[in-house]
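Data block below; observations after.
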Amino acid sequence: MTRTTTTLHRPLAAAAFLAAAALALTGCAAASSTATPDAASAGLAADSVTVENAWVKAADSGMSAAFGEIENTGAGDVTIVSVASPASTALELHETVENETGEMTMREKGGGFTIAPGETLTLEPGGNHIMLMDLPEPVVAGDELSFTLTFSDESTLDFTAPAKDYAGANENYEDGDMEMDHSEHGDDADNS
């Protein structure tokens with residue numbers, strides 16, 4: 001009787017060993033066929049980006065803009081393709097370019113903002129910025145606004161920015177209908 005029990009355990013043990021080995025080999029094959037060294041080492045764009053000194057221009061209605069520094073601490077280029085915020089029903093990434101008459105104008109940045117490894121994209125009044133249009137309610141100095149950046153790899157990064165009073169020059173936009181008047185918003189970007 002002992003001999004029969006021993007004989008039954010050996011085939012079961014061998015079958016269990018073979019099944020475990022087959023699963024291990026299948027797992028290795030699946031992992032190596034879906035992951036590439038570049039994809040594994042590159043990571044998500046959002047994981048290599050930081051946002052510093054962000055702020056939003058206070059505005060009673062119409063439109064506003066967000067500014068700050070966006071740094072790429074990763075090893076590869078990252079591209080911001082869009083931005084969202086509950087503070088605005090329409091947001092765009094804007095760049096400053098020279099028009100046909102030699103004036104500097106602002107327009108939507110086709111393809112988004114690409115930031116090279118180790119570089120910082122500065123968003124500033126009169127330069128590149130995030131445009132908030134069709135504000136559903138005033139942006140008041142002291143408000144904290146939330147934003148979500150979306151990158152070309154579909155990863156996202158959330159950040160907040162305080163609203164500040166700012167008086168700056170009128171900005172010209174390529175289509176001519178988006179002129180911003182900052183004169184009613186105070187004296188200094190550092191006021192809060």
Side-chain angles (χ1 to χ4, degrees), residues 45-46 49-72 77-116 119-192:
V49 171
T50 60
V51 177
E52 299 290 333
N53 303 313
W55 63 281
V56 178
K57 185 167 43 66
D60 293 330
S61 63
M63 63 183 84
S64 182
F67 311 103
E69 291 92 36
I70 304 173
E71 182 180 5
N72 176 3
D77 287 354
V78 297
T79 301
I80 303 166
V81 294
S82 66
V83 61
S85 173
S88 174
T89 59
L91 288 98
E92 293 180 354
L93 303 171
H94 276 201
E95 66 179 338
T96 303
V97 296
E98 189 174 329
N99 68 13
E100 61 280 350
T101 64
E103 291 181 317
M104 297 306 287
T105 62
M106 297 182 193
R107 66 177 181 197
E108 186 172 10
K109 172 73 171 140
F113 291 125
T114 298
I115 309 169
E119 297 294 321
T120 299
L121 170 67
T122 300
L123 304 177
E124 61 190 350
N128 296 330
H129 59 279
I130 297 170
M131 193 73 204
L132 293 81
M133 299 169 287
D134 300 324
L135 298 173
E137 58 186 56
V139 175
V140 179
D143 286 353
E144 283 285 328
L145 283 68
S146 61
F147 293 86
T148 301
L149 298 176
T150 300
F151 297 88
S152 58
D153 66 357
E154 299 182 7
S155 63
T156 60
L157 175 68
D158 294 327
F159 71 95
T160 59
K164 298 181 178 186
D165 287 331
Y166 176 76
N170 288 333
E171 298 167 341
N172 296 317
Y173 290 88
E174 192 170 77
D175 62 5
D177 65 351
M178 295 199 324
E179 188 170 308
M180 292 180 70
D181 182 7
H182 305 287
S183 59
E184 75 275 7
H185 296 301
D187 299 327
D188 190 313
D190 293 324
N191 291 342
S192 53

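Values below: all heavy atoms of this structure, side chains included; hydrogens, waters and symmetry mates excluded.
Smallest separation of non-hydrogen atoms from A45 and S155: N-OG, 3.6 Å. Nearest approach of A66 to V56, heavy atoms of both residues: CB-CG2, 4.0 Å. Among all heavy-atom pairs drawn from I70 and V49, the shortest one is CG2-CG1, 3.4 Å. Taking every heavy atom of both residues into account, E124 and F67 meet most closely at C-CD2, 3.3 Å. Residues D165 and A141 come closest through the heavy atom pair OD1-CB, 3.7 Å. Nearest heavy atoms, V139 versus A163: CG1-CB, 3.5 Å.
Taken to the nearest 0.5 Å, the CG atom of L121 stands 11.5 Å off from the CD atom of E71. Rounded to the nearest 0.5 angstrom, W55 CH2 and L123 CG are separated by 11.0 Å. To the nearest 0.5 angstrom, T160 atom OG1 is 12.0 Å from D143 atom CG. Atom CD in E98 sits 9.5 Å away from atom CD in E103 (nearest 0.5 Å). Interatomic distance, T79 OG1 to F113 CZ, rounded to the nearest 0.5 Å: 11.5 Å. Note that the CD atom of E69 and the CD1 atom of I115 stand 11.0 Å from one another [nearest 0.5 Å].
In this structure, L93 and I130 have side chains that are in contact, with non-hydrogen atoms separated by less than 4.5 Å. Between M106 and T96 the shortest side-chain heavy-atom distance falls below 4.5 Å.
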- request: Could you please spell out the steps behind the side-chain contact (heavy atoms from CB on, under 4.5 Å) verdict for E119 and N72?
  value: CA-CA 6 Å; E119 297 294 321; N72 176 3; 5.7 Å; no
- request: Applying side-chain contact (heavy atoms from CB on, under 4.5 Å), run through L157 and V51 and close with a yes or a no.
  value: CA-CA 9 Å; L157 175 68; V51 177; 3.9 Å; yes
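Take T120 and apply the side chain to side chain donor-acceptor pair (under 3.5 Å) test, not counting sequence neighbours, and it matches no residue. Applying the side chain to side chain donor-acceptor pair (under 3.5 Å) criterion to E95, with sequence neighbours excluded, gives R107.
A perpendicular orientation is assigned to the rings of H129 and H94, their planes being inclined by more than 60° (bins at 30° and 60°).
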In a table with atom names and distances, give each donor-acceptor pair under 3.5 Å that connects a side chain of residues 81-90 to protein atoms at least two apart or in another chain.
from: S85; atom 1: OG; to: A87; atom 2: N; distance (Å): 3.1
from: S85; atom 1: OG; to: S146; atom 2: O; distance (Å): 2.7
from: S88; atom 1: OG; to: A90; atom 2: N; distance (Å): 3.2
from: S88; atom 1: OG; to: A90; atom 2: O; distance (Å): 2.9
from: S88; atom 1: OG; to: M133; atom 2: N; distance (Å): 3.1
from: S88; atom 1: OG; to: M133; atom 2: O; distance (Å): 2.6
from: T89; atom 1: OG1; to: D134; atom 2: O; distance (Å): 3.1

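The number of heavy atoms from other shown groups lying within 6.0 Å of CD (E144) is above 12.
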